[in-house]
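Starting from 1, each residue takes its place in the sequence as its number. Predicted model only: the values in this text are computed from it and were never measured. Both ligands and their constituent atoms are indexed starting at 1 by order of listing.
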Amino acid sequence: MSKTLIIGAGGVGRVVAHKCAMNQSTFGEITLASRTKSKCDQIANEIRQKWGVSIKTDAIDADDKAALTALIKKTDAKIVLNIALPYQDLSIMDACVEAKVDYLDTANYESPELAKFEYKEQWARKEAFENAGITGLLGSGFDPGVTNVFAAYAQKHYFDEIHYLDILDCNAGDHGYAFATNFNPEINLREVSAKGRYWENGKWIETDPLSIKLVWDYPEVGDKDSYLLYHEELESLVKNIKGLKRARFFMTFGQSYLTHMRCLENVGMLGIKPIEHKGVKITPIEFLKTLLPDPSTLGSRTKGKTNIGCVFEGIKNGEKRKIYIYNVCDHEECYREVFAQAVSYTTGVPAMIGAKLILERKWKKAGVWNMEEFDPDSFMKELNEQGLPWKIKELGV
Ligand code: NDP
């Protein structure tokens with residue numbers, strides 16, 4: 001029987017734990033471990049009541065590689081799902097190499113001291129993963145994650161060459177707060193307030209934060225202002241989808257979110273360097289996180305839908321073609337199923353699916369991989385079966 005270790009008991013970790021329990025024949029004995037064990041216990045109670053499945057819980061500081069390696073050995077896990085924060089990616093990957101177990105995450109490595117994310121250090125572990133004979137699957141959330149799989153699927157079934165890619169991420173949910181973030185506030189605000197970047201004709205073009213906007217008509221949601229951001233899946237997609245001339249990422253933001261974020265930034269509350277306050281060192285963005293609503297508590301109050309998808313334009317059999325692949329997810333339906341809002345749900349379900357395909361050996365190969373490097377068909381099938389159905393629309397060119 002398989003054994004599974006999930007690390008992180010925030011909004012996304014909750015969804016992953018529920019979904020693994022709902023697929024217990026694949027995941028076997030499940031352990032949920034995090035820095036704060038009481039959060040794991042609460043989720044374990046929910047799962048026992050809702051699905052009649054018992055999971056184990058434990059406390060772990062995943063920055064401590066030796067302690068984590070010992071926990072992996074103690075649980076006898078065959079796979080580790082890293083649903084903590086991007087800061088922990090490298091120590092968890094290294095513990096997996098040491099213990100020789102498969103690894104998966106949903107966000108690429110970032111150092112707490114530098115608001116910059118790139119795959120370099122995770123890709124550098126490819127040889128170590130090959131030598132250990134283990135699979136490392138990077139970015140198995142929605143974006144990155146499902147967006148990469150959509151790209152592989154479009155490439156396999158719809159195009160000879162994809163020339164233009166726009167990833168369009170809309171959260172039209174309303175949680176009733178003037179300002180809150182739908183996943184970890186620190187990670188979210190670092191990403192949104194950073195300079196934008198997109199790829200065109202073989203090079204990266206940098207833009208001022210939120211300076212490029214388009215209005216997109218999202219099916220089941222309607223017209224929304226969408227702002228260009230740099231997003232991590234662009235880095236692997238421009239490498240792995242041959243023939244791309246341009247790749248961009250857009251995300252919707254409401255005016256209230258943007259006004260609050262600009263104000264917080266202007267007064268220095270998004271700072272990532274420690275400052276001295278009354279003789280105590282504090283990091284402004286960490287203090288802000290303490291003040292903001294915990295994203296894992298937004299589920300019960302969020303209404304509305306998310307729509308995340310990709311528009312591809314290119315050539316098939318000498319003809320121009322443009323298609324749109326997307327998923328629509330309803331916040332309240334997600335809460336009814338797993339006590340979480342749709343942003344956590346759309347991240348947690350693909351994390352479970354990626355791990356399921358590794359355990360079933362459909363996506364099992366030694367090394368470190370991004371999602372588009374595997375055959376997309378089995379993942380696309382699982383999305384339809386596990387709660388994230390997708391649609392394809394032909395658009396005029
Ligand atoms: P949360 O902040 O809600 O949860 C993070 C969890 O990780 C908490 O339980 C936290 O513990 C735990 N944690 C933090 N540091 C450590 C550590 N050193 N050791 C052990 N556990 C630790 O975040 P989310 O659930 O919202 O996000 C989880 C991940 O998902 C993030 O990496 C985020 O970037 C990613 N994500 C990816 C998306 C995608 O589509 N690919 C979209 C959205 C999110 P404690 O409670 O004690 O603080």
Inset, instruction - For ligand 1, indicate whether the residue N184 contacts it via side chain, backbone, both or neither (heavy-atom separation under 4.0 Å). - result: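 The part of N184 near ligand 1 is both the backbone and the side chain.
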Legend entry - V12, portion touching ligand 1 at heavy-atom distance under 4.0 Å: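 Both of them.
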Among protein heavy atoms, which lies nearest [atom], and at what distance?
| atom | answer |
| --- | --- |
| atom 46 (O) of ligand 1 | K39 NZ, 2.5 Å |
| atom 4 (O) of ligand 1 | G10 CA, 3.3 Å |
| atom 18 (N) of ligand 1 | D61 OD1, 3.0 Å |
| atom 33 (C) of ligand 1 | F183 CD1, 4.1 Å |
| atom 30 (O) of ligand 1 | T106 OG1, 3.1 Å |
| atom 10 (C) of ligand 1 | S34 OG, 3.9 Å |
| atom 21 (N) of ligand 1 | R35 N, 3.4 Å |
| atom 28 (C) of ligand 1 | A84 O, 3.4 Å |

How many angstroms lie between [atom1] in [X] and [atom2] in [Y], if you round to the nearest 0.5 Å?
| X | Y | atom1 | atom2 | answer |
| --- | --- | --- | --- | --- |
| T106 | E232 | OG1 | CD | 8.0 Å |
| S236 | M371 | OG | CE | 10.0 Å |
| N108 | Y119 | CG | OH | 4.5 Å |

Number the atoms of ligand 1 from 1 as they appear, then name those within less than 4.0 Å of a heavy atom of [X], with their elements.
| X | answer |
| --- | --- |
| I187 | 34 (O) |
| D63 | 18 (N) |
| I60 | 19 (N), 20 (C) |
| A62 | 17 (C), 18 (N), 19 (N), 20 (C) |
| I83 | 28 (C) |

Legend entry - Result of checking F249, W199, W204 against Y230 for ring-ring contact (aromatic ring centres under 6.0 Å, His included):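 Among the candidates, only W204 passes.
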Legend entry - Residue of the set W363, F374, W390 for which ring-ring contact (aromatic ring centres under 6.0 Å, His included) holds with F379: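 Only one option passes, and that is W363.
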Inset, instruction - Quickly, which of L32, T57, D294 forms a side chain to side chain contact (heavy atoms under 4.5 Å, CB included) with K39? Name it, please. - result: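 Only one option passes, and that is D294.
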Inset, instruction - Could you tell me whether the side chain of M352 reaches within less than 4.5 Å of the side chain of F27, counting heavy atoms only? - result: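 They are in side-chain contact.
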Inset, instruction - Look only at the side chain of E372 and the backbone of N240, and say whether a donor-acceptor pair between them is shorter than 3.5 Å. - result: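 No, the answer is negative, given that no donor and acceptor are paired below the 3.5 Å cut-off.
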Checking the N or O distance criterion of under 3.5 Å, is ligand 1 in contact with [X]?
| X | value |
| --- | --- |
| A107 | no |
| T36 | yes |
| N182 | no |
| P295 | no |

Inset, instruction - Find out whether the Lys NZ or Arg CZ of K50 is both under 6.0 angstrom from the six-membered ring centre of F339 and within 45° of the ring's axis. - result: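 Yes, cation above the ring, under 6.0 Å and within 45°.
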Legend entry - Charged tip of R301 within 45° of Y177 ring normal and under 6.0 Å: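 Satisfied, under 6.0 Å and within 45°.
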Inset, instruction - Mind telling me whether Y324 and W216 have parallel, tilted or perpendicular rings, with 30° and 60° as the class edges? - result: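 The arrangement is perpendicular - the two ring planes meet at more than 60°.
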Within-shell test, [X] vs ligand 1, heavy atom, strictly < 4.0 Å:
| X | result |
| --- | --- |
| P144 | yes |
| P86 | yes |
| G11 | yes |
| G139 | no |

Inset, instruction - Go through the steps for Y257 and V192 under the test side-chain contact (heavy atoms from CB on, under 4.5 Å), then give the verdict. - result: CA-CA 11 Å; Y257 178 96; V192 177; 3.7 Å; yes
Inset, instruction - Considering only NZ, NE, NH1 and NH2 on the basic side and carboxylate oxygens on the acidic side, decide whether K245 and E200 come within less than 4.0 Å. - result: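 Looking at E200 together with K245, the answer is no, because their closest N to O distance does not fall below 4.0 Å.
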Inset, instruction - State plainly whether the residues D76 and K78 are in salt-bridge range, i.e. N to O under 4.0 Å. - result: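 Salt bridge: yes.
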